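Okay, here's the structure, questions in a sec.
From a predicted model like this one, the values you see are computed outputs, not experimental measurements. In what follows, chains are A, B, ... by sequence order, proteins preceding strands, each numbered from 1.
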Amino acid sequence: MMQFMLLFSRQGKLRLQKWYVAHPDKLKKKITRELITMILARKPKMCSFLEWKDLKIVYKRYASLYFCCCIEKDDNELLTLEVIHRYVELLDKYFGNVCELDIIFNFEKAYFMLDELLIGGEVQETSKKNVLKAIAAQDLLQEDDAIDMALSEYGLT
Amino acid sequence: MPAVKGDGMRGLAVFISDIRNCKSKEQEVKRINKELANIRSKFKEARCWTVVVICDKEKPDRCLTNLVRTVLIIVSDGEAHDSGRLKAHFVCQNCNRFGQSFEEYFIGSNQGQSIVIANTSVVDQGVFSGTASVVILDLGYLFISVLVSATSDLMKLVIMSVKNDLTSRNPVHINLALQCIANIGSREMADAFGNDIPKLLVSGDTIDSVKQSAALCLLKLIRSSADIFTVLYTDLQDYTYYFVPAPWLSVKLLRLLQNYPPPDDATVKNRLSECLETILNKAQEPPKSKKVQHSNARNAVLFEAINLIIHADAEPNLLVRACNQLGQFLQHRETNLRYLALESMCLLATSEFSHEAVKKHQETVITALKTERDVSVRQRAVDLLYAMCDRSNAEEIVSEMLSYLETADYSIREEMVLKVAILAEKYAVDYTWYVDTILNLIRIAGDYVSEEVWYRVIQIVINREDVQGYAAKTVFEALQAPACHENMVKVGGYILGEFGNLIAGDPRSRLVGNDSSNMVLGRQWDLERGEDSPVVQFQLLHSKFHLCSVPTRQLLLSTYIKFINLFPEMKQQITEVLHNENSVRNADVELQQRAVEYLQLSNVASTDVLATVLEEMPPFPERESSILAKLKKKRPDKLKHSMEPKEYKLSNAVVSSETTNAVPSVNSPSKTAVPNLLSLSGSSQSASNPAPVSNTGILIDVLGGLGGELSTDGPVSQPAASTAAPATNGLAAIGVPPVANPLLDTSASLLGVEDKSTKYLGVQQKISSKLPVTINKFIEPTDMDAQTFFMRWKILNSANQECQKIVTAKQTMDTEDVKKRLLGFGVGLLEGVDPNLENMVSAGIVHTRSSQIGILLRLEPNKQANLYRLTIRSSKADMATVLVNLLEHQL
């Protein structure tokens with residue numbers, strides 16, 4: 001099971017975090033700090049897998065963003081790399097040539113997308129099409145809401 | 001034009017009851033023919049059922065139901081007149097069989113035209129499923145599956161309408177269509193729906209019940225025409241990831257299989273290994289894409305398959321193949337793959353089948369260790385080297401690891417040191433090599449050598465005579481280096497204190513051992529160079545004294561006092577050092593105490609007393625290597641398989657070589673002196689805590705450590721046995737012939753101790769042991785909860801199984817003390833079993849050669865009266881009495 005997923009920039013700024021195990025905030029901060037420094041210190045050609053406590057860290061860098069997953073020791077590292085890649089593909093497809101700013105300004109979409117891909121730390125849907133379909137449906141719902149809200153603002157409902 | 005008179009259902013009921021009431025076969029046939037004629041006439045009137053339905057607008061469903069059911073009844077009769085009393089629903093269930101004959105029946109008799117038309121109309125109803133009620137649809141499908149044979153021309157029509165229903169939004173319609181497909185299950189169906197059903201199965205829109213039906217329907221179709229569905233998987237385009245079909249699912253499934261024991265059924269097993277082989281083969285194929293995602297996904301499946309192969313650990317050829325394929329990854333340009341290959345190989349190395357195959361890659365792994373740029377990969381390489389090490393390649397691997405250690409990353413040094421130490425010990429054939437290795441280790445990475453490592457080297461040197469002289473010489477040389485690690489000083493101090501005489505040409509060296517080649521060497525060297533005379537040894541050690549930490553200095557003081565014993569001529573010089581202000585007035589209490597006490601000892605005691613007190617340390621009882629324990633603690637998960645020593649040759653050899661002092665003597669003036677420093681529970685514990693029961697514990701440990709089975713012969717009645725023992729040669733001689741019915745002799749507290757192997761290293765060993773060895777030494781504590789305890793307690797209720805005694809306390813009744821005594825007695829304490837907290841409850845098993853006897857114990861102290869009530873129950877009669885008699889003296 002995936003324990004958590006972190007997205008951070010080369011400058012060490014945390015962009016996204018998703019925890020599948022419960023930790024107090026203080027511990028989360030500590031873990032995040034520890035991992036960010038650990039991973040940023042690594043050179044590009046180094047191996048993407050790390051042993052950390054009794055867990056494994058799988059990370060990959062895409063442009064200026066680091067994607068970092070923490071998995072249990074029974075989990076498959078290579079496949080976790082591909083989970084990351086699939087997530088990046090999804091972001092890319094949705095935002096169209098995704099960049100760090102997209103994630104900063106539309107972080108909720110990024111979270112939605114992650115929720116469609118992973119659930120409770122396990123992969124739930126790997127089909128790109130299905131995930132995007134679900135997201136599109138969500139967007140549609142939101143749009144309807146937006147119209148309703150706009151209408152109600154003017155007292156038209 | 002009403003199609004059916006009155007209530008439609010009544011017509012059917014009348015028909016059925018009529019048939020039932022028929023007295024003879026002829027009557028039955030007559031009735032059926034009448035009904036058929038009736039139906040035919042209706043068909044003539046109405047041409048087709050649609051008309052019937054349309055005509056009877058009020059109850060169209062019922063009309064149709066009734067008609068069809070009537071026909072079905074007839075069908076059943078047409079099939080078998082004898083069982084003409086079949087009920088309608090039974091017919092519905094037994095479908096296809098009748099369908100065929102029905103058509104033949106009608107078509108064959110040239111009367112079936114109308115029925116075929118009727119069929120068509122039912123199918124038509126299906127086509128209009130949007131408007132038709134579910135009942136009609138249901139009947140339509142029932143009719144098709146019952147009455148239409150798979151080869152019928154109608155099938156095309158049927159397929160059309162089924163196709164329509166499959167795309168319907170109403171789940172009931174879809175389910176009906178699926179049922180129909182499954183019921184017919186023909187090749188045509190498979191052809192027509194091979195693509196649609198999987199889509200239903202994976203689509204997000206379908207509800208669960210539909211998915212369930214779709215899955216089952218697919219199963220039926222796959223069973224009947226599997227060849228069509230081989231292409232099916234490629235249809236799951238959405239789940240193909242960079243040309244790898246559903247990697248996530250594959251990995252999950254392989255992972256799932258690892259949670260189960262390997263299958264026992266031969267066919268399942270073969271199937272599984274076929275699958276695994278296919279995966280291995282696929283991984284060998286040229287990649288379909290250059291993208292890293294493709295290879296990652298493919299290799300993810302491969303690694304998971306290899307994990308499963310390792311998990312099963314039963315197929316030598318698969319294991320070796322896995323190993324070879326991983327070997328290719330060892331030089332792959334992807335760091336990730338190299339890392340994972342090393343990691344998986346670690347596991348493969350633990351399997352007996354693939355161990356040799358892994359060893360083939362030794363060179364590559366060593367190169368990886370040296371050239372790899374990523375420390376985490378190097379770490380994996382170290383792990384693998386450790387795992388692949390065995391007696392044949394130990395020397396090479398250890399030397400490679402040592403040479404790498406000089407430049408190794410700080411983060412992995414400590415672990416490497418532990419590993420080198422363990423390997424050196426585990427696979428040492430020649431102990432001089434072992435000593436060299438460990439001293440090298442201390443020299444190269446002294447800071448990372450934990451206490452356990454140097455404790456261990458001392459234990460081994462003490463326990464093995466043949467290496468003592470060599471060790472003394474080597475540490476002496478090592479200490480001559482200008483900069484020398486404190487750990488080296490510790491080892492040097494200890495070893496020279498014990499065996500410094502061996503390299504000083506001391507005449508006492510003759511006392512030790514018969515294999516004296518090392519000693520001869522040492523002495524020659526001594527004569528040639530004359531540099532390791534006692535004075536030089538002492539000066540060398542003392543030159544480091546001031547640079548060392550307090551614990552090391554404490555140890556050195558002990559070495560000095562030992563020197564006084566070894567080299568009486570140096571007494572003057574050493575007393576001076578001890579007398580030094582810096583020693584006797586040292587701020588550190590321990591140092592000061594040692595200095596003062598040693599000084600006093602050297603002044604007061606005669607040479608004989610001194611020689612006894614400062615005698616050579618007795619061999620250490622053999623236990624699990626403390627280094628291994630430490631490594632285990634450090635990496636609990638990794639060690640489950642790979643780190644367990646495969647053999648412990650050392651443990652036998654070590655103890656056997658020097659057993660004359662099996663029972664430790666307290667040979668140190670201060671209880672915190674040398675033995676405690678080594679933190680071995682054995683000797684120091686018994687010295688400082690003279691509980692009556694634990695004294696013999698060491699003996700048992702030592703005997704147990706001898707590797708032979710320690711078994712009881714039963715209690716022995718003659719106390720004379722103990723005096724007879726030392727006179728004989730081997731351990732076996734201690735064994736005293738068992739008494740006829742030993743357990744009945746309650747006064748017996750002695751046991752024969754027998755060891756099956758009396759010779760070690762070809763020499764008979766003499767053991768002077770302290771008897772009695774009482775029966776409680778063979779108790780193994782057991783753990784149980786309150787419920788089990790009282791259940792067993794109640795079972796052991798016959799008179800001679802229980803022994804109860806009121807015992808006057810001879811020692812303190814402090815709860816903790818009593819608990820200690822019970823533990824010392826050999827029974828485990830069970831917490832929270834007895835409702836009264838004061839009471840103590842224990843359970844154990846007495847192991848004897850012939851049987852295992854369970855015992856339960858309850859001790860109820862009465863502090864006011866200074867009394868205990870002791871109750872023991874045992875599964876074998878009279879064992880309780882024996883134990884009560886033994887234990888009462890301890891309380």
Side-chain angles (χ1 to χ4, degrees), chain A residues 1-2 38-39 41-62 71-90 92-93 116-119 121-138, chain B residues 202-205 236-242 244 246-252 254-256 258-259 291-307 311 333-344 372-380 383 411-412 635-638:
Chain A
M1 189 192 114
M2 194 181 287
M38 201 160 85
I39 290 170
R42 291 176 67 84
K43 296 191 183 72
K45 273 280 164 189
M46 281 185 165
C47 158
S48 311
F49 316 129
L50 283 173
E51 275 198 339
W52 179 71
K53 297 178 181 168
D54 54 347
L55 299 164
K56 295 190 283 202
I57 302 291
V58 177
Y59 74 92
K60 186 154 184 179
R61 184 180 152 182
Y62 286 88
I71 53 174
E72 282 165 8
K73 68 180 177 42
D74 283 344
D75 293 329
N76 196 310
E77 294 100 330
L78 282 175
L79 213 58
T80 311
L81 266 187
E82 295 321 299
V83 170
I84 295 177
H85 185 76
R86 178 106 299 182
Y87 183 48
V88 174
E89 280 183 348
L90 285 170
D92 199 57
K93 187 113 185 186
E116 289 296 328
L117 182 68
L118 299 172
I119 199 162
E122 301 282 358
V123 174
Q124 86 149 330
E125 176 63 74
T126 57
S127 157
K128 221 168 13 177
K129 211 168 83 191
N130 286 347
V131 172
L132 289 170
K133 210 155 81 186
I135 297 291
Q138 273 182 16
Chain B
V202 296
S203 149
D205 299 338
L236 301 174
Q237 275 302 335
D238 288 352
Y239 294 93
T240 307
Y241 183 84
Y242 288 88
V244 182
W248 280 277
L249 183 64
S250 317
V251 167
K252 263 266 136 68
L254 289 166
R255 186 77 242 156
L256 179 70
Q258 286 171 59
N259 291 328
K291 285 233 163 93
V292 67
Q293 281 77 27
H294 171 66
S295 79
N296 273 356
R298 208 162 75 153
N299 291 327
V301 179
L302 173 69
F303 277 109
E304 214 52 64
I306 290 175
N307 281 344
H311 167 76
R333 63 188 163 78
E334 275 281 321
T335 319
N336 293 344
L337 283 183
R338 290 199 301 270
Y339 176 94
L340 291 175
L342 288 168
E343 195 178 31
S344 291
E372 201 61 66
R373 273 188 295 170
D374 185 351
V375 58
S376 47
V377 184
R378 287 196 295 262
Q379 161 92 62
R380 288 287 91 79
D383 287 349
S411 54
I412 61 173
R635 311 188 58 187
D637 53 318
K638 290 265 163 189

TODO: For each of B/Asp374, B/Val292, B/Thr335, tally heavy-atom pairs with chain A at distances under 4.5 Å, and name the one with the top tally.
DONE: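 The option with the most such pairs is B/Asp374.
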
- [ ] Name the region of A/Leu81, side chain, backbone, both or neither, that has any atom closer than 4.5 Å to a heavy atom of chain B.
- [x]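 For A/Leu81, the side chain is the part near chain B, not the backbone.
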
Task: Option in A/Glu82, A/Lys43, A/Lys128 with maximal non-hydrogen atom pairs under 4.5 Å from chain B - done: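 Between A/Glu82, A/Lys43, A/Lys128, the count favours A/Glu82.
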
- [ ] Count the heavy atoms belonging to other residues, nucleotides or ligands that lie under 6.0 Å from NZ of A/Lys93, then report whether that count exceeds 12.
- [x] no

TODO: Output the option from B/Leu340, B/Asn299, B/Asn307, B/Val251 having the highest count of non-hydrogen pairs under 4.5 Å with chain A.
DONE: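 Most heavy-atom pairs under 4.5 Å with chain A: B/Leu340.
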
Task: Any residue meeting side chain to side chain donor-acceptor pair (under 3.5 Å) with A/Lys60, in chain and number order, not counting sequence neighbours - done: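 For A/Lys60 there are no side chain to side chain donor-acceptor pair (under 3.5 Å) partners, ignoring immediate neighbours.
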
- [ ] Mark yes or no for whether A/Arg61, through its side chain, and A/Pro44, through its backbone, hold a donor-acceptor pair below 3.5 Å.
- [x]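 No, A/Arg61 side chain to A/Pro44 backbone: no donor-acceptor pair under 3.5 Å.
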
- [ ] Check for a donor-acceptor pair, side chain of B/Arg378 on one end and backbone N or O of B/Glu372 on the other, with a separation under 3.5 Å.
- [x] yes

Open item on the list: Quick check on A/Asn130 against chain B: is it the side chain, the backbone, both or neither that has a heavy atom closer than 4.5 Å?
Closed with: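 When you check distances to chain B, only side chain atoms of A/Asn130 fall under 4.5 Å.
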
- [ ] Could you tell me which portion of B/Leu337 (side chain, backbone, both or neither) has an atom closer than 4.5 angstrom to a non-hydrogen atom of chain A?
- [x]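 The side chain, not the backbone.
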
- [ ] Among the options A/Arg42, A/Lys129, A/His85, pick out the one with the most heavy-atom pairs lying under 4.5 Å from chain B.
- [x] A/His85

Task: Engaged part of A/Lys133 at the chain B interface, taking heavy atoms whose separation is under 4.5 Å - done: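 Contact with chain B involves no heavy atom of A/Lys133 at all.
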
Open item on the list: Taking NZ in A/Lys53 as the centre, count heavy atoms belonging to other residues, nucleotides or ligands within less than 6.0 Å. Is the count above 12?
Closed with: yes

Task: Minimal non-hydrogen separation, A/Glu72 against A/Lys56, with atom names - done: O-CE, 3.4 Å

- [ ] Indicate whether any N or O donor in one side chain lies under 3.5 Å from an N or O acceptor in the other, for B/Asn296 and B/Tyr241.
- [x]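 Result is no, nothing qualifies.
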
Open item on the list: Between B/Arg255 and chain A, with a heavy-atom cut-off of 4.5 Å, which part of the residue counts as in contact: side chain, backbone, both or neither?
Closed with: side chain

